[in-house]
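One structure is given below, encoded as structure tokens.
Chain identifiers are assigned alphabetically (A, B, ...) following the order of the sequence lines, protein sequences preceding nucleic acid strands; residue numbering begins at 1 within each chain.
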Number of protein chains: 2
Amino acid sequence: MMQGLIDQFAAVLGNQYVLTEDQEKAPYLTDWRKRFTGKALAVLLPKTTKEVASIVKLCASNNIAIIPQGGHTGFCGGATPDNTGKQVILNLKRMNQIREIDVANQTITLEAGCILQAVQEKVAAQDLLFPLSLGAEGSCMIGGNLATNAGGTNVLRYGNTRDLCLGLEVVTAQGDIWNGMKGLRKDNTGYDLRDLFIGSEGTLGIITAAVMKLYPMPISQWTTLVATDNIAATIALLNLFQKRANSLLTGFEMMTQESLALNEKHFPQMANPLKGNPPFTILIELSDHESEEHVRQLLEVILEEAFAGNLISDAVIASNLSQANSFWHMREHITLAQAQEGANLKNDITIPLSSLDRFINETDAMMRASFPGVRIINFGHLGDGNLHYNIAAPLGTDPKIFNQNNEKAIYELVYTQVERCQGSISAEHGIGQLKLDDLRAHKGVVAHELMKTIKKALDPQNILNPHKVVSI
Amino acid sequence: MMQGLIDQFAAVLGNQYVLTEDQEKAPYLTDWRKRFTGKALAVLLPKTTKEVASIVKLCASNNIAIIPQGGHTGFCGGATPDNTGKQVILNLKRMNQIREIDVANQTITLEAGCILQAVQEKVAAQDLLFPLSLGAEGSCMIGGNLATNAGGTNVLRYGNTRDLCLGLEVVTAQGDIWNGMKGLRKDNTGYDLRDLFIGSEGTLGIITAAVMKLYPMPISQWTTLVATDNIAATIALLNLFQKRANSLLTGFEMMTQESLALNEKHFPQMANPLKGNPPFTILIELSDHESEEHVRQLLEVILEEAFAGNLISDAVIASNLSQANSFWHMREHITLAQAQEGANLKNDITIPLSSLDRFINETDAMMRASFPGVRIINFGHLGDGNLHYNIAAPLGTDPKIFNQNNEKAIYELVYTQVERCQGSISAEHGIGQLKLDDLRAHKGVVAHELMKTIKKALDPQNILNPHKVVSI
């Protein structure tokens, strides 16, 4: 029966786009962080939306589960199959056409398999900005960005992937094609199907194409590093920048002393240019559409006010693009420094800004009391309230053994604190299979039941990415 | 049985909050535009979310349909009951508490019955902006704004109501309370329930409270009226402002010659200050967080560039707040001038900006050919692609008779053109009962089936605002 099905796949896609040999399939079976490895009946590589629809219909008839996959760079195993070997992977990388760039409407129409960085570059050539930007941009794909509602470094100004999307094309669990490809800023005709599919991680439908917003490219960016003593002052600083610079504020990233010390240990060239590695180092970026002089003056005025109000104790303004990049690299290297140091327990949480001080103080104290010697590598998109509150084993202990013994208790401590502060246990990385149980435990019964009801209604056979996000 | 049910309502709410006398009920039974008048078993006025939940449970047990209602200012009859007299109206006006203004987090937590203008004023007192602004703001309520995803004049910069909402509290069709009241900019824990309830017009759940975004209050606004000769130049002008002023651009409204001529006929004091009533008059507003001097200079520089590029032929900058207000009044009086002139056929459509020129030229020509002498009162939020493309009977004919004879054909002409241009037949007013059939005809089969599936799944008894938006 399986060979018959594979022949049918091949009839739709062509033989060379139905991968069944172990060696061919291997690259699609293990997630980015190497936490999950699955098996697959086949890896399917469609080129068109119609092919995707045909494949879904075949799978529905044969009750075969489909794992939609893009760049496969997610952190939660959302695009990795299970171990049964009965699921098929539907990788959309061949659907990589940019269908249209509409300058007057400030939109781009493109297929799910387009690589994010290629899109950024394509529109930049027309002096336009596609603001989505994140670590994996060299290999992640728009379809995956939409499926996980990806975040990144530009959320403060431009929002998540959801906020950048105007229209979608989706293949449903029944193999129907929903053409919702409208490039409209206003459309109140019925339920918000678009946002239901966005962030559903391929469990409700397969996103095959989208219409996304574009923006005029800023003409000047200024980046500064400032030192703050505590979170309260840091939030006051953020509010000051919001008030004075408003939407010119495009980056507000926080790095703790402990995070940057680890950075410096592994990458001495990434030393903090601020004196004496202060308690909190804040990277602030302003982007302007007027002039270099205008934004630089504005930045200086705001920093003066911040000094006068004792919100900051030190500041370094990048004097050129290369220095600005080095500030961002410092921020991005924390993750690499952690990897050098050994396995650690990653968190991706959001806390309301008004509870951030309480969260960090309380949770730090509880963590250090319960797990003496533990290292708290806390950094993130503070402007969005989004912390990567990561926990590393005490120096001199084996990280793997420490994690094995304490992982459950540490996550429970963090998640309980997140719940107490009305935060989110997954800010931008999603749920996938990694946090399936955590979602059930922390989402609330009513929300979880609503999700199950929706999943059952739209995918009653449970063939779209089953046991990801929500189990029915 | 009905008296028994009414006694049960009274036991939950108190006698005085269960209105059953005709005279008491009358104000709740007719919609704002007086197109629909229904009957109701009772009008219920709950004070708390728990009371709403209890009422829904009672109604579910007795299979009684519930019509959620706020300020009842919608244009599509979405909050008006049917004629059976078996439905109850659940008006949320007593749930009007502002629960919290969180300055650090830039959020407000409030109940569905809060009147929009009261919210604007409350946060303005703290130097913060709640950007939602629309004609009915003196009487419409936040719950209704959310249920219809209301638009208005600030969408260009701040988005629709959906874009302003971070968290919701909703009573489901089963009478459960979903507490999704989080004030987070990032939260990727499962399906986007929030956006599913927003814009569903009370057919999937009853929104009882919300957490909404706030913004720093701009310190200076400058308003200008400019003359353009055609839509192509107008779009180029919009793109120029987007590029140069970026998010300082908070208003871009269009009024045709014919619209302003009608205005002047009924309100001579509202005469267009631009010479010779040009083909298109554009109202442009910039809002700034830096200084009055900064924004005024920027506006002048951009206008100079627009003159140099032959995009505009005339411009008047408001020299003070009172003149700026008079520009906006001119825009707002078009609707009143139309009302003075007699009944007309209203459209609320969006067209992608790149197709707007084609849409207007083609549709104007078709309309004038098919309905000689017809007057096209076309104006709207052009920056969002949103036109109020209204049609008035030829001079000297009886508007009521003309509309009766031609309404169907005129809407069909407009909607077919909208569909051809990939636009929306309802930009900001929603569907309600008015456009139920139009939605079915123009949404596409797959989208309509998805909507029905969701409605059936979340409200299987069909007791929440039945036969609004979608019929199951």
Inset, instruction - Enter the distance from Ile349(B):CD1 to Lys186(A):NZ here, rounded to the nearest 0.5 Å. - result: 12.0 Å
Legend entry - Between Glu428(B), Arg185(B), Glu201(B), the one whose heavy-atom pairs under 4.5 Å with chain A are most numerous: Glu428(B)
Inset, instruction - Pick whichever of Leu450(B), Leu196(B), Val469(B) has the most heavy-atom pairs under 4.5 Å with chain A. - result: Leu450(B)
Inset, instruction - Answer yes or no: is there a side-chain heavy-atom contact under 4.5 Å between Ile454(A) and Ile454(B)? - result: no
Inset, instruction - Write down the atom of Tyr191(B), the atom of Met451(A), and the distance for their closest heavy-atom approach. - result: CE1-O, 3.4 Å
Inset, instruction - State, to 0.1 Å, how close Glu290(B) and Arg244(A) come at their nearest heavy-atom pair, and which atoms those are. - result: CG-O, 4.2 Å
Inset, instruction - Give, as side chain, backbone, both or neither, the part of Asn160(A) having an atom under 4.5 angstrom from any heavy atom of chain B. - result: side chain
Inset, instruction - Indicate yes or no: at least one non-hydrogen side-chain atom of Asn188(B) is less than 4.5 angstrom from one of Thr148(A). - result: no
Legend entry - Contact class of Ile177(A) relative to chain B, heavy atoms under 4.5 angstrom: backbone
Inset, instruction - Heavy-atom pairs under 4.5 Å with chain A are the metric here; pick the option from Arg162(B), Gln106(B), His429(B), Lys456(B) that has the most. - result: Arg162(B)
Inset, instruction - Indicate whether any N or O donor in one side chain lies under 3.5 Å from an N or O acceptor in the other, for Ser424(A) and Asp187(B). - result: yes
Inset, instruction - For Pro216(A) and Gln242(B), work out which heavy atoms get closest and say how close. - result: CG-O, 3.4 Å
Legend entry - Heavy-atom pair of closest approach, residues Arg157(A) and Ser247(B): NH2-CB, 3.8 Å
